[in-house]
Structure formats: structure tokens, C-alpha cells
Amino acid sequence: MRKLRLFYLFIAIFSAITVIEAQITNESTGQNFQFLEGPVWDGSEFIYFTDIPNNTIIKYSVTQKTFSPITTSSNRGNGLMFNEAMNLVVCEGSSSRITERNINGEVIRTIVSEYQGVRFNSPNDLCIDAKGGIYFTDPNFGTPEYQPKNRVYYLNPEGTVIELVDDIEKPNGVLLSNDGTVLYISNTFSDKVRAYDVSAEDGTLTNQRDFGTLQVASGGVNNTGADGMATDVDGNLYVTSEAGVQVFDKDGNRTQVIAFPEKTTNCTFGGANKDILFVTAGKNLYTMPSSVQGFQHPFDLPTTNLSVTDFSKSKTIFFPNPITNNKVVIKNSGEDLNNATFTLFDLKGEKVSDLDFYIEKNSGVIQFDDSLSRGTYLLKIENSKNQIISRKIVLQ
């Protein structure tokens with residue numbers, strides 16, 4: 001009877017989690033990479049990622065399938081993210097700082113390099129919020145220990161560094177939920193992904209809890225190798241780890257473990273429709289087609305600049321973003337846009353004057369005036385029911 005109970009317990013556990021061998025392609029066969037991290041999509045053509053030991057940031061052309069280094073002086077660059085100016089924000093491990101670089105790899109400025117007068121350990125991963133604040137992790141993986149603890153910090157828009165978390169052994173990946181109200185943190189040495197509520201006023205954290213439990217790789221212990229993360233438009237969380245990419249629904253239930261040939265380190269969605277998952281793993285960059293579109297931080301985060309109420313259950317998406325030819329295509333979940341009004345604002349919430357753009361409402365195409373300055377705007381759409389949705393639009 002005991003053996004029978006154990007058998008049914010095994011079946012129940014196995015059935016609850018789907019371990020899949022997905023349609024995975026190694027895009028970097030033949031490349032001499034060493035340890036890849038930090039993939040980020042530029043919204044039009046390139047995935048940028050880092051090769052930490054080689055101090056290199058590389059861009060990969062999705063259409064041409066070619067690799068080009070943009071710098072060989074990244075200071076062991078790790079996590080990457082684009083800011084609203086479409087410059088790369090880079091976690092630099094050996095220089096213990098976070099920098100802003102242009103897409104040619106040139107350093108524009110050092111954003112932050114110390115806390116309370118002491119340099120950071122080794123900034124690892126980051127997430128930019130809708131206000132331009134930066135959440136980042138600062139663990140120590142064999143590097144000189146400058147800070148007494150491995151911490152998670154928030155650099156607020158005013159430039160002040162706030163210590164948020166100091167009791168995670170090796171804080172690694174960090175990411176905001178799609179509505180910007182929850183912060184997820186992965187711990188390399190734990191099987192738990194933590195979640196915190198984010199204060200809308202100052203970005204600080206409350207309500208610490210375990211969000212989900214990671215599967216441990218075969219033969220492993222609780223050291224799951226938990227690393228970088230991504231989300232899709234349905235709010236599912238993708239966590240890279242020793243066992244593969246582990247997928248959690250919005251309630252923290254683990255629904256899939258996607259096996260890869262190497263330990264996965266980070267991931268992002270890209271491609272014209274943001275329906276390709278790009279995964280760095282060991283020495284290679286992998287791609288996997290997805291049935292759901294990805295969410296791009298920080299551009300898809302809801303803005304706080306307009307007091308609006310979103311369409312009920314709206315999944316309205318604009319792509320590509322950033323917009324490189326002043327033309328954007330709208331994909332939505334069925335809202336009637338034929339009688340909708342479209343208005344463009346700057347980031348201060350002021351209406352952009354003398355703006356000319358046309359809208360093909362049936363095909364969902366917006367063509368902006370070519371004379372409009374490069375930058376970030378807020379597009380407000382109001383339908384006949386006075387329901388409003390706003391999205392950031394980046395013209396490049």
C-alpha cells in the first residue's frame with residue numbers, strides 16, 4: 001500500500017509540471033563565446049547581449065543572423081536594458097558600476113558606482129521602471145567584496161541609492177511585473193523566487209513573500225542557478241536556471257520547465273512581433289518560437305504620466321517599439337478603434353502641438369509625421385465608451 005501511495009504521489013507531481021523539449025535553435029554555432037548574459041531586444045533588428053569573460057557586448061541581427069561586437073571594453077558587462085533614450089544601461093562587474101552606453105558601445109556616463117561612499121561589489125542585473133528608476137542586484141561571485149552584504153538596490157529618478165534587500169544570499173535576476181506593482185528577485189543559491197509589492201510613490205518594497213518554487217536540476221540541491229527573467233503579455237514569468245527556463249503563471253504556479261543544452265543565464269522576447277524567446281546559455285545564444293508575445297521593459301510598463309483607465313482586459317500592443325520608420329502597427333484583443341481618438345503627449349503629459357499623423361483604423365496602422373523629434377511619447381487612445389488606454393511610443 002505504501003508503494004502504491006508513493007507511485008500516485010510521483011504521478012501527481014510529474015503531471016503538474018510539464019518538462020518540455022521545445023523547438024530550440026542554437027544561433028551562435030561556430031562563435032568563440034565564453035559565458036553569455038544580458039540579452040535585450042532593440043525593437044527593430046538586434047538582440048544585444050554580453051560575453052562576460054571576454055569583456056564584450058555583442059549585437060545579433062535577427063534577419064541577417066550575424067554577430068558584431070560593439071565593444072571589447074565592457075568591464076565584465078552583465079545585465080543590459082535599454083532606457084527611454086534607447087541607450088544601453090549596463091551592469092559592469094569588474095568596475096562595480098552601472099553605465100549608460102550608446103548602441104556603438106561608447107560610455108556616455110557612469111550612472112551609479114557606490115553606496116554610502118563605498119563601491120558596489122559586482123552589479124549583476126537590473127530593471128528600469130516607468131519613471132526611469134533602476135532596480136539592480138549586487139551579489140559577490142568571487143570578486144572583491146566591497147559592500148558587507150549582497151544587496152538589492154533602487155536608484156530613484158532623483159539619483160539617490162536606496163537599499164532594499166540585504167538577506168538574500170546571492171540576489172541575481174530582478175524584474176518588475178507587467179503592471180509595475182510587483183518586483184521579482186531570483187536567488188542563485190535558492191529554489192525560491194521572491195516577490196515584493198512596489199510603492200508607487202517612492203519605489204520601495206513591502207510584503208516580502210515567496211512567489212514560486214524552482215525545480216532543482218537533476219542531482220542538484222537548492223542551488224538552482226536561478227538567474228535572469230522575462231515576462232510575456234499574459235504576465236507569465238520566465239526564470240532561467242540550471243534546469244532550463246522555468247515558467248510561472250501570475251499566481252506563482254510553475255507550469256513549464258523548458259530544457260536547454262546548457263545552463264540558461266538570461267532571456268528576453270524579441271523579433272518583430274516579440275514572439276521569439278532569446279536565451280543566453282553557457283557559450284551560446286538560443287531562440288525558441290513562442291505562442292504568446294513578450295513584454296518589453298521598460299517600454300511596455302504602464303505610465304504614471306497620464307491618469308487613465310485602461311480598456312477592460314486590453315492586450316493592445318504596438319510594434320515595433322522603438323519605431324524606426326515612424327510607422328507603428330496596433331494589435332489588440334478586439335476593441336473597436338473605428339471611432340476612437342488618438343492623441344500624443346510628451347513625457348510631461350503635455351499635448352504635442354502641430355502633430356500630423358494618419359491612422360488606418362481597419363488595418364491598425366499609425367504613421368507619424370516624419371518631422372517629429374526622436375524620443376519617447378505617450379499615445380492616448382480613447383474609444384466611444386470613454387475607455388482610455390495609454391502606451392509609451394519610442395520614435396528612433
Item to check | Flag for T50-E37: side-chain donor and acceptor within less than 3.5 Å | outcome: no

Next on the checklist: Does this structure show an ion pair linking K131 with E158, if we count only N-O contacts that are shorter than 4.0 Å?
Outcome noted: no

Next on the checklist: Between Q147 and D138, is the side-chain hydrogen bond (donor to acceptor under 3.5 Å, both in side chains) condition met? List the steps.
Outcome noted: CA-CA 9 Å; Q147 293 290 339; D138 184 42; 5.8 Å; no

Next on the checklist: Can you confirm whether F368 sits close enough to I393 that some side-chain heavy atom of one is under 4.5 Å from a side-chain heavy atom of the other?
Outcome noted: yes

Item to check | Co-membership, hydrophobic cluster, residues M288 and I276, 4.5 Å side-chain | outcome: no

Checklist entry - CG/N32 to CG/D51 distance, rounded to the nearest 0.5 angstrom? => result 8.5 Å

Checklist entry - Is there side-chain contact between E92 and I98, with at least one heavy-atom pair below 4.5 Å? => result no

Next on the checklist: For a quick test of reading the model, state the closest non-hydrogen atom pair linking P69 to T56 and the distance between them.
Outcome noted: CB-CG2, 3.8 Å

Checklist entry - If you round to the nearest 0.5 Å, how far is CD of Q215 from CD of E242? => result 11.5 Å

Item to check | Exam field: side chain E114 to backbone F120, donor-acceptor pair closer than 3.5 Å | outcome: no

Item to check | Side-chain H-bond candidate by donor/acceptor type, E106 with N102, under 3.5 Å | outcome: yes

Checklist entry - Using the ring of each side chain (for Trp, its six-membered ring), is F278 parallel, tilted or perpendicular to W41, with breaks at 30° and 60°? => result parallel

Item to check | Same apolar cluster (I L V M F W Y, side chains within < 4.5 Å links), V352/V394 | outcome: no

Checklist entry - Are L277 and I24 connected in a single hydrophobic cluster, I mean Ile/Leu/Val/Met/Phe/Trp/Tyr linked by side-chain heavy atoms less than 4.5 Å apart? => result yes

Checklist entry - Should V257 and V247 count as side-chain neighbours, where that means a heavy-atom distance under 4.5 Å? => result no

Next on the checklist: Hydrophobic clustering (ILVMFWY, side-chain heavy atoms < 4.5 Å, transitive) - are L372 and I381 grouped together?
Outcome noted: yes

Next on the checklist: Do L80 and I57 make a side-chain contact, defined as non-hydrogen atoms from C-beta onward lying under 4.5 Å apart?
Outcome noted: yes

Next on the checklist: Show, in sequence, the C-alpha distance, side-chain angles and deciding distance for Y196 and T206, and conclude whether the side-chain contact (heavy atoms from CB on, under 4.5 Å) test is met.
Outcome noted: CA-CA 6 Å; Y196 297 81; T206 57; over 6 Å; no

Checklist outcome for this item: In terms of heavy-atom contacts, P171 and N187 come closest through N-OD1, 4.5 Å

Item to check | Shortest non-hydrogen separation from T137 to N172 and the atoms involved | outcome: OG1-O, 2.7 Å

Item to check | Short side-chain to backbone donor-acceptor contact, S290 and D275, under 3.5 Å | outcome: no

Next on the checklist: The test is side-chain contact (heavy atoms from CB on, under 4.5 Å); show your working for I58 and I70 and say whether it passes.
Outcome noted: CA-CA 6 Å; I58 303 114; I70 65 167; over 6 Å; no

Checklist entry - Would D167 and R194 pass as an ion pair if we require N to O under 4.0 Å? => result yes

Item to check | Side-chain heavy atoms of I185 within contact of V193, under 4.5 Å | outcome: no

Next on the checklist: Atom NZ of residue position K283 - does it have more than 12 heavy atoms of other residues, nucleotides or ligands inside 6.0 Å?
Outcome noted: no

Checklist entry - Are the charged groups of R151 and D166 less than 4.0 angstrom apart, N to O? => result no

Checklist entry - CG/D125 to CG/N266 distance, rounded to the nearest 0.5 angstrom? => result 5.5 Å

Item to check | Heavy-atom pair of closest approach, residues T110 and S113 | outcome: CG2-CB, 4.1 Å

Item to check | Partner of F248 by side chain to side chain contact (heavy atoms under 4.5 Å, CB included), out of L214, T231, T213 | outcome: L214

Checklist entry - Yes or no on ring pair (Phe, Tyr, Trp, His ring centres under 6.0 Å) for H297 and F299, after CA distance, side-chain angles and deciding distance? => result CA-CA 5 Å; H297 293 77; F299 304 111; over 10 Å; no

Checklist entry - Given side chains that start at C-beta, do those of R97 and V112 come closer than 4.5 Å, heavy atoms only? => result no

Item to check | Steps toward side-chain hydrogen bond (donor to acceptor under 3.5 Å, both in side chains) verdict (Q246, S241) | outcome: CA-CA 7 Å; Q246 308 197 32; S241 70; 2.9 Å; yes

Next on the checklist: Ring of F141, cation from K170 - is the NZ or CZ under 6.0 Å from the centre and inside 45° of the axis?
Outcome noted: yes

Checklist entry - Is D227 salt-bridged to K263, going by a charged N under 4.0 Å from an acidic O? => result yes

Next on the checklist: Could you walk me through whether Y238 and F269 satisfy the ring pair (Phe, Tyr, Trp, His ring centres under 6.0 Å) test, starting with their C-alpha distance in whole Å, then the side-chain angles of each, then the deciding distance to 0.1 Å, before giving a yes or no?
Outcome noted: CA-CA 10 Å; Y238 297 69; F269 283 91; 5.2 Å; yes

Item to check | Common cluster, L126/L164, ILVMFWY with side-chain heavy-atom separation under 4.5 Å | outcome: no

Next on the checklist: Side chains of N83 and N87 only: does a donor on one sit below 3.5 Å from an acceptor on the other?
Outcome noted: no

Checklist entry - Only one of K65, E27, Q23 forms a side chain to side chain donor-acceptor pair (under 3.5 Å) with T287, so which one is it? => result E27

Checklist entry - Is it the case that K59 places NZ or CZ above or below the six-membered ring of F46, under 6.0 angstrom from the centre and within 45 degrees of the axis? => result yes

Checklist outcome for this item: Between V279 and C267, the two heavy atoms sitting closest are CG2-CB, 4.0 Å

Item to check | Shortest non-hydrogen contact between D42 and M86, atoms and distance | outcome: O-CE, 3.7 Å

Checklist entry - Passes side-chain hydrogen bond (donor to acceptor under 3.5 Å, both in side chains), N284 versus S28? Steps please. => result CA-CA 6 Å; N284 292 290; S28 54; 3.0 Å; yes

Item to check | CA sep, side-chain torsions, deciding dist, call: I47, F67, side-chain contact (heavy atoms from CB on, under 4.5 Å) | outcome: CA-CA 10 Å; I47 292 287; F67 295 87; over 6 Å; no

Checklist entry - Below 4.0 angstrom, N of the basic side chain to O of the carboxylate: do D232 and K274 qualify? => result no

Item to check | D197 vs T181 side-chain heavy atoms within contact, under 4.5 Å | outcome: no

Checklist entry - So does R109 pair up with E100, basic N to acidic O under 4.0 Å? => result yes

Item to check | pair T204-Y154: side-chain heavy atoms closer than 4.5 Å | outcome: no

Item to check | Residue among F49, F260, Y60 satisfying ring-ring contact (aromatic ring centres under 6.0 Å, His included) with Y286 | outcome: F260

Checklist entry - Given the rule in the side-chain contact (heavy atoms from CB on, under 4.5 Å) test, do Y115 and Y153 qualify, once you have shown the distances and angles that lead to the verdict? => result CA-CA 9 Å; Y115 174 63; Y153 298 95; 3.6 Å; yes

Item to check | Flag, side chain of N78 to backbone of C91, donor-acceptor distance under 3.5 Å | outcome: no

Checklist entry - If you measure from CG on L379 to OG1 on T343, what distance do you get to the nearest 0.5 Å? => result 8.0 Å

